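Remarks on the structure that follows.
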Amino acid sequence: MLLRLAALAALTALGLCAAPAPAEDGHQLWLRYPLLKEPWRSEYRAAVAQIVDCTAGAAATPSSTLLLARSELMRGLTGLLGAAPPLASEATESRALLLGTPRSCALLARARLPLRGLGREGYAIRTLLRRGRAVTVIAANTDVGVLYGAFAFLRLLQTHRSLAHLEISSRPHLELRVLDHWDNLDGSVERGYAGRSIWDWSRLPDDPDPRYREYARACASIGINGTVLNNVNASAQIMTRPYLVKVAALAGVLRPYGLKVYLAARFSAPIEIGGLTTADPLDPAVRAWWASKVGEIYRLIPDFGGFLLKADSEGEPGPQDYGRTHADGANMLADALAPHGGVVMWRAFVYGRLREDRARQAYDEFVPLDGHFHPNVLLQVKNGPIDFQPREPLNPLFGAMRRTPVMMEVEITKEYLGFATHLAYLGPMYEEVLRADTYAQGRGSTVARVIDGSLFGYRITGMAGVANIGADRNWTGSQFDQANWYVFGRLAWDPTLSAEAIAEEWVRMTFSNDPRFVAPVVAMMMGSREAVVDYMTPLGLAHQMASGTHYGPGPWVAGNAEPDWNPVYYNRADSSGIGFDRTASGSDAVGEYARPLAAQLSSLKTVPQKYLLWFHHVPWGERLSSGRTLWDELVLHYTRGVDAVSAMRRTWSGLAAYVDSERFAEVAALLAIQQREAQWWRDASIAYFQTLSRRPLPPGIAPPAHSLAEYEAVCFPFSPGYPGTSPACAPANPVIP
Ligand code: BDP
């Protein structure tokens, strides 16, 4: 027995045998820094023999940001290597590591590194030869660049990359890389599936939660540099003095991590908290109120980022209430912010007063205003023309606004993709839209090139993600949803990165570098979003969720007063076929895209199958390129989605040896929920559409487990992330799921 134990210990020490991993709850995210196995540990120990504190003799005392960079490096190396390398004031050892800016580090100032191309936030990681000794340098023009560089360096070790001959230069492609928290002041989170808001307003300003620092650190590790603290459906209260003092305290905690604070503003705040009788953007008293409010904010928070606005949208107040335009509203706020260097992120998510097609509305309202916005306004445009669906084609506003900086908004929280309980890695979804070609300036005019400013020479650039973060121990409601926070940050830094490479990085840092784990998990992640598309809204369908809560299927729902709150409005299914005709013979939304793209999407022959029913109303019996009828293809897609979830479960069940038992069990439990709900989605959708298509299921395909009436009776009036009771929900005794 003793011999066996000794042998096991020896094997474990050699890294040849997986020891049971200690329980983890996911709180450490991708910044766990576990002790590396051999041969990596020895290799990296040799590569980083010493850390040089080169601040002596430099122009400035180290800032808190620089101190954070150094302590992160120490923390990371201590964890990964078992002990931190010694700190010295001179590079006495070969393989010393130096970090700083030419201002903070006299040695770096003398080294004359080519830092000019790195801008304000970029970094360089280089192996240099100094007096015959190899020295690794993490250098930047600014302290926050050094912090980003420190995280990037640690990532190399975390993912088992070689440290020999480093020649890395990296700078963000986008300026504003922002998380939008839809957090309400009462602690609830709109469309949040990870518990309550992390902002504990009642304890601020005096007692900031230590989590704020952890949050900021995680954001900095992936280059996120801004955070909108409150819901776009904003309460004016956030602009009152007591809250601004709290916001200032929070900003103070986040600042050293390079994270700027922004607020969602309520357009009618001058009435609600300012005592005015109007919020008309052209009214001098209103303008004066905003100017003074902004002045107050900047006295408290000198580096305040600016405002995010949801106006004239879903019942929120806006300039149209006074017969003014979006440009009038945005410019008024922009003028108040401009003297202080702040920006306005004005959302283009507008609909209502429905004309023919909701997918056309934002374009119709904003394109005539192109060129009318002041220089510090960005238009914040959702990735697709409707609303964060599992799949949408690109929003036609990308490519259409040539004189107004357009930033992209994506949802990280999975409101329409199964909440936190379904495993869906969103990297492929973000990548799909970033790489989509608008053809605005000919082939290659990708969305990435629109938002990075290179296509139209935008003055400011950015990308926003609706956060999936809450007070849950694991931050995001599930282990795998952390990957969506991660991939958002990485793609906002560099939209040309591949979703797959980012998934691999994340898996290695979050779970294990073992190839027997990495390969199957990355493959599982890469297919996971497509699985959701398949079991919820295949072939270009959209918005088939139950009303209000968006929990579960509701393709039959038709009773909401607003036509475009009804799934039937989107599926347009009847006995002749299914799909929304957006070609010239229908709403002609397709005409909002540039010519070659419009032509491709218009024709049944060339439209990509994934967008088929988004653009076309197709007869049930239509033969598709697969040779199958549309009906058969639809049913097979729903079924394929459920099968993909079964395959994910199988994959995961074989990986227990590589993960600690706590995280393993949690993922397994959530996959079981996902499987049940995927089946519910598939069965309910097929049951409904079959009443219209009146066609048999393809051979060998199992029928839905229940009748349509039973699916229609399923009712969940309360659901996470949804305030109140779902309007479409009648009391019932559901049997499913
Ligand atoms: C919708 C959400 C709603 C948000 C809205 C928005 O259901 O809760 O307020 O987006 O983006 O998808 O403003």
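Both counts, for ligands and for their atoms, begin at 1 and track the order of listing. Predicted model, so just to flag it, every value in this text is computed and none were measured. Numbers for residues simply follow the sequence, beginning at 1.
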Going by the 4.0 angstrom heavy-atom rule, the piece of N233 near ligand 1 is side chain
How far is atom 1 (C) of ligand 1 from its nearest protein heavy atom, and which residue and atom is that? D387 OD2, 3.2 Å
Quiz question: by atom type and distance under 3.5 Å, do the side chains of H326 and W346 form a donor-acceptor pair? yes
Going through the checks in order, is the salt bridge (charged side-chain N to carboxylate O under 4.0 Å, His left out) test met by R191 and E411? CA-CA 10 Å; R191 310 307 178 181; E411 220 171 23; over 6 Å; no
Step-by-step ring-ring contact (aromatic ring centres under 6.0 Å, His included) determination, H543 to Y416: CA-CA 8 Å; H543 234 310; Y416 298 101; 5.4 Å; yes
Y416 heavy atoms, cut-off 4.0 Å: which ligand 1 atoms fall inside? 1 (C), 7 (O), 12 (O)
For atom 2 (C) of ligand 1, which protein heavy atom lies nearest, and how many Å away is it? E415 OE2, 3.2 Å
Residue pair L423 / L670, side-chain heavy-atom distance below 4.5 Å: no
Any nitrogen or oxygen of W182, main chain or side chain, under 3.5 Å from a nitrogen or oxygen of ligand 1? no
Side chains of Y351 and E314, donor plus acceptor under 3.5 Å: yes
Do N184 and N231 have a side chain donor and acceptor closer than 3.5 Å? yes
Pairwise salt bridge (Lys or Arg N to Asp or Glu O under 4.0 Å) hits with a residue in residues 374-388, at least two apart: R358-D387, K382-D387
For N225, the side chain to side chain contact (heavy atoms under 4.5 Å, CB included) test, sequence neighbours excluded, returns E121, Y148, R177
Starting from atom 3 (C) of ligand 1, find the nearest protein heavy-atom neighbour and note its residue, name and distance. E190 OE2, 3.4 Å
Protein contact to atom 5 (C) of ligand 1 [nearest heavy atom, distance to 0.1 Å]: E314 OE1, 3.4 Å
Give the atom numbers and elements of ligand 1 that come within less than 4.0 Å of a heavy atom of R191. 2 (C), 3 (C), 7 (O), 8 (O)
Examine ligand 1 and decide if any of its atoms is less than 4.0 Å from a heavy atom belonging to E316. no
Suppose we measure from atom 10 (O) of ligand 1 to each protein heavy atom; which comes out shortest, and what is that distance? K382 NZ, 3.2 Å
Give me the residue, atom name and distance of the protein heavy atom closest to atom 13 (O) of ligand 1. K310 NZ, 2.6 Å
So, 4.0 Å and heavy atoms of H550: is ligand 1 close enough to count as a contact? yes
